[in-house]
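For clarity, every value in this text was computed on a predicted model and none was experimentally measured.
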Amino acid sequence: MSDDGRAMLSRSMEKLVAAGAAGVQVRVHDADGDWTGSAGVAELGRPDPVPAGGRFRIGSVTKPFAAAVVLMLCGQGELALDDPVRRYLPQWGLEDAVTVRTVLMHISGLANYSGDNRPDGSSEPGVFPAPGPEYVQRLETSYPPEELIRFGLTRERRCVPGAGFAYSNTNYLLVQLIIEKITGTSYADQIRHRITRPLGMRDTLVPVERTDIPGPHAHGYLAYRQAGELTVVDVTRSSPTWYGAAGSVISTTADLDLFLYALVSGQVLDPPRLAEMLTFVPPPPGPGVSAGLFRKDFQDGRTAVGHFGNVPGFMCFLYGTTDGAARMVLSATRGAVDRSDPVAVKAFLAATDEAVTDCFSALRVPHAG
């Protein structure tokens, strides 16, 4: 990366901190090699910077890990993507049109147990309480996946299966249970056995019950109004059962960079399964979704594949070219962003989008890919 590119990313990270992030870390790889930079602090009220090799919660960037496990099982003949989910999980009474493929691609139409956005732009709350004291108290409460799935299935369908896209964590809890039904072990064990250990991702954790983040890490925060006063609470500790295979993984920017390269370069999946993960609907030139990844169009005609993630206090973005030659990871922690202030929220989201765009735009990529 050029000196101008590094300077641009440093400015973008500082702008994101000014907009409300507590800490930000970026790792990029391009024709010039690797570069890692950070801004902000690891913990509000303390001067320590974001640790260079520190861990973050990666939220829904967990989904490509879970999808890769399913595709491996498919390659072994344990399942087929067009199998009805009810072949493995008959207890939910889902129709045949809800297939393994539709849940992997968020085209099943199932509502999101953790909340949805309505067509008019308003929010529909999920199973968890609204941000506030009860929300914080329950962050370390364990939720069985069956309870969360059951809640999601009580909500109105977003569309007919296969007829439209509706992002839903409910899909990936079903993926979790399919993995566990077929293998007889936890989804966490399968991710460790098939992906993180073989790739040497030593700083990546797939917790099942543990609520803390061990080792050097960044702290995430939740800000909300109570009696008119802004309250900022450390929400670093939380139960992985809130999201399971939809969002529980803890990792570092270096490990995620390793994972993305290994994934797109064919070190994780065999050629037919990798082709499945890199086939997007709708196909190019528009953005699209595959069985585990999203396709994102950046400026200058550059295209990337990857995923994004948000869980309480944390957010993560992972994108790269399909040949793995250029990659970016951005992990950040939320600070004192007042969720009740639409101007502050809009500014934070705009600064986040700018930082992600700058990360990919700064990469020296010989060819769009």
Side-chain angles (χ1 to χ4, degrees), residues 1-17 21-42 48-62 64-65 195-196 199-205 213 215-220 249-265 267-268 293-294 296 298 302 304-310 314-334 351-365 369:
M1 176 175 291
S2 67
D3 290 341
D4 287 345
R6 289 193 289 271
M8 179 174 70
L9 294 193
S10 295
R11 289 193 298 270
S12 295
M13 288 188 286
E14 292 291 352
K15 288 172 69 173
L16 184 51
V17 170
V24 187
Q25 185 174 110
V26 164
R27 180 183 175 89
V28 296
H29 174 91
D30 66 3
D32 295 322
D34 299 318
W35 181 81
T36 302
S38 64
V41 294
D48 305 307
V50 176
R55 293 181 172 119
F56 293 77
R57 297 190 185 278
I58 70 171
S60 289
V61 179
T62 299
F65 289 82
I195 301 175
T196 60
L199 293 180
M201 298 173 65
R202 297 179 179 84
D203 293 317
T204 299
L205 308 174
I213 303 177
H217 62 275
H219 287 245
V249 168
I250 295 167
S251 191
T252 64
T253 56
D255 268 9
L256 289 180
D257 177 67
L258 171 62
F259 169 67
L260 182 59
Y261 177 72
L263 183 65
V264 298
S265 65
Q267 298 176 44
V268 176
L293 294 176
F294 287 96
K296 182 174 176 64
F298 286 91
R302 293 182 174 185
V305 298
H307 216 288
F308 52 87
N310 281 285
F314 295 82
M315 58 185 185
C316 182
F317 300 84
L318 175 67
Y319 291 108
T321 53
T322 55
D323 61 3
R327 309 179 298 274
M328 59 138 293
V329 189
L330 185 153
S331 288
T333 54
R334 294 176 184 268
T352 301
D353 184 66
E354 180 180 345
V356 173
T357 299
D358 285 350
C359 280
F360 200 77
S361 300
L363 298 175
R364 281 214 316 120
V365 186

Participant: Say whether, by atom type as modelled, one donor and one acceptor occur between the side chain of R302 and the main chain of L363 under 3.5 angstrom.
Facilitator: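 Present.
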Participant: According to side-chain hydrogen bond (donor to acceptor under 3.5 Å, both in side chains), who are the partners of K15, at least two apart in sequence or on a separate chain?
Facilitator: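 E354.
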Participant: Does any non-hydrogen side-chain atom of Q25 lie less than 4.5 Å from one of T252?
Facilitator: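 No, every pair of side-chain atoms sits at 4.5 Å or beyond.
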Participant: Measure the CD1-CG distance between I195 and L263 for me, rounded to the nearest 0.5 Å.
Facilitator: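 If we round to the nearest 0.5 Å, I195:CD1 and L263:CG are 8.0 Å apart.
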Participant: At what distance, to the nearest 0.5 angstrom, does CZ of R6 lie from CZ of R11?
Facilitator: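 Nearest 0.5 Å value for the CZ-CZ distance: 12.5 Å.
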Participant: Could you list the residues that satisfy ring pair (Phe, Tyr, Trp, His ring centres under 6.0 Å) with F298, not counting sequence neighbours?
Facilitator: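 Testing F298 for ring pair (Phe, Tyr, Trp, His ring centres under 6.0 Å), a comparison that skips the adjacent residues, returns Y319, F360.
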Participant: Has the side chain of D358 got a donor or acceptor atom that lies under 3.5 Å from a matching backbone atom of L9?
Facilitator: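 Not at all, since once roles are kept as given, no pair shorter than 3.5 Å links the two residues.
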Participant: Which atoms form the tightest heavy-atom contact between A39 and V50, and what is the distance?
Facilitator: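 Closest heavy-atom pair between A39 and V50: O-CG2, 3.6 Å.
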Participant: Between T253 and S331, which heavy-atom pair has the shortest distance, and what is it?
Facilitator: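 Shortest heavy-atom separation between T253 and S331 comes out as CG2-OG, 3.9 Å.
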Participant: Side-chain contact test, heavy atoms from C-beta onward, threshold under 4.5 Å: evaluate it for L330 versus V24 and give yes or no.
Facilitator: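 Contact flag for L330/V24 side chains = yes.
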Participant: Please identify each residue that fulfils side-chain hydrogen bond (donor to acceptor under 3.5 Å, both in side chains) with S38, with sequence neighbours left out.
Facilitator: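 Listed in chain order: nothing, the list is empty.
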Participant: Using salt bridge (Lys or Arg N to Asp or Glu O under 4.0 Å) as the criterion, list what pairs up with D4, not counting sequence neighbours.
Facilitator: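 With sequence neighbours excluded, D4 shows a salt bridge (Lys or Arg N to Asp or Glu O under 4.0 Å) to no residue whatsoever.
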Participant: Rounded to the nearest 0.5 Å, what's the gap from CZ on R57 to CG on N310? Could you check?
Facilitator: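 It is 14.0 Å, given to the nearest 0.5 Å.
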Participant: Please name all residues satisfying side chain to side chain contact (heavy atoms under 4.5 Å, CB included) with V264, sequence neighbours left out, ordered by chain then number.
Facilitator: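 Applying side chain to side chain contact (heavy atoms under 4.5 Å, CB included) to V264 gives L260, V305.
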Participant: Under the rule for ring pair (Phe, Tyr, Trp, His ring centres under 6.0 Å), what residues qualify as partners of H29, not counting sequence neighbours?
Facilitator: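 None.
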Participant: Using modelled atom types only, decide if a donor and an acceptor are shared between the side chain of S251 and the backbone of D255 within a distance under 3.5 Å.
Facilitator: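 Flag not set: sc S251 to bb D255 has no pair under 3.5 Å.
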Participant: Could you tell me which non-hydrogen atom of L256 sits nearest to which non-hydrogen atom of V61, and how far apart they are?
Facilitator: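 Shortest heavy-atom contact: CD2-CG1, 4.3 Å.
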Participant: Can you list everything that forms a ring pair (Phe, Tyr, Trp, His ring centres under 6.0 Å) with F65? Sequence neighbours excluded, please.
Facilitator: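 Partners of F65 under the ring pair (Phe, Tyr, Trp, His ring centres under 6.0 Å) test: F259.
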Participant: Which residues pass the side chain to side chain contact (heavy atoms under 4.5 Å, CB included) test with R202, not counting sequence neighbours?
Facilitator: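 Partners of R202 under the side chain to side chain contact (heavy atoms under 4.5 Å, CB included) test: none.
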Participant: Just to verify, what does S60 make a side chain to side chain contact (heavy atoms under 4.5 Å, CB included) with, not counting sequence neighbours?
Facilitator: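 Only K63, Y167, N169, H307 meet the side chain to side chain contact (heavy atoms under 4.5 Å, CB included) criterion with S60.
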Participant: Do you know the tightest heavy-atom contact between C359 and V28?
Facilitator: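 Looking at all heavy atoms of both residues, the closest pair is O-CG1, 4.4 Å.
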Participant: Measure across A262 and S265 and return the closest heavy-atom pair with its distance rounded to 0.1 Å.
Facilitator: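 That closest heavy-atom pairing would be O-OG, 3.4 Å.
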Participant: Could I get the full list of side-chain hydrogen bond (donor to acceptor under 3.5 Å, both in side chains) partners for T62, not counting sequence neighbours?
Facilitator: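 Once residues adjacent in sequence are excluded, T62 has no partner under the side-chain hydrogen bond (donor to acceptor under 3.5 Å, both in side chains) criterion.
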Participant: Quick one: side chain to side chain contact (heavy atoms under 4.5 Å, CB included) partners of A42, sequence neighbours excluded?
Facilitator: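 Once residues adjacent in sequence are excluded, the partners of A42 under the side chain to side chain contact (heavy atoms under 4.5 Å, CB included) criterion are P51.
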Participant: Sequence neighbours left out, what pairs pass salt bridge (charged side-chain N to carboxylate O under 4.0 Å, His left out) with at least one residue falling in residues 30-42?
Facilitator: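 Of all non-adjacent pairs touching residues 30-42, those that pass salt bridge (charged side-chain N to carboxylate O under 4.0 Å, His left out) are R27-D34, D32-R364.
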Participant: Heavy-atom distance under 4.5 Å between the side chains of F56 and H217, does that happen here?
Facilitator: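 F56 does not reach H217 side chain to side chain.
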Participant: Does any non-hydrogen side-chain atom of R327 lie less than 4.5 Å from one of Y261?
Facilitator: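 With C-beta onward as the side chain, the pair touches.
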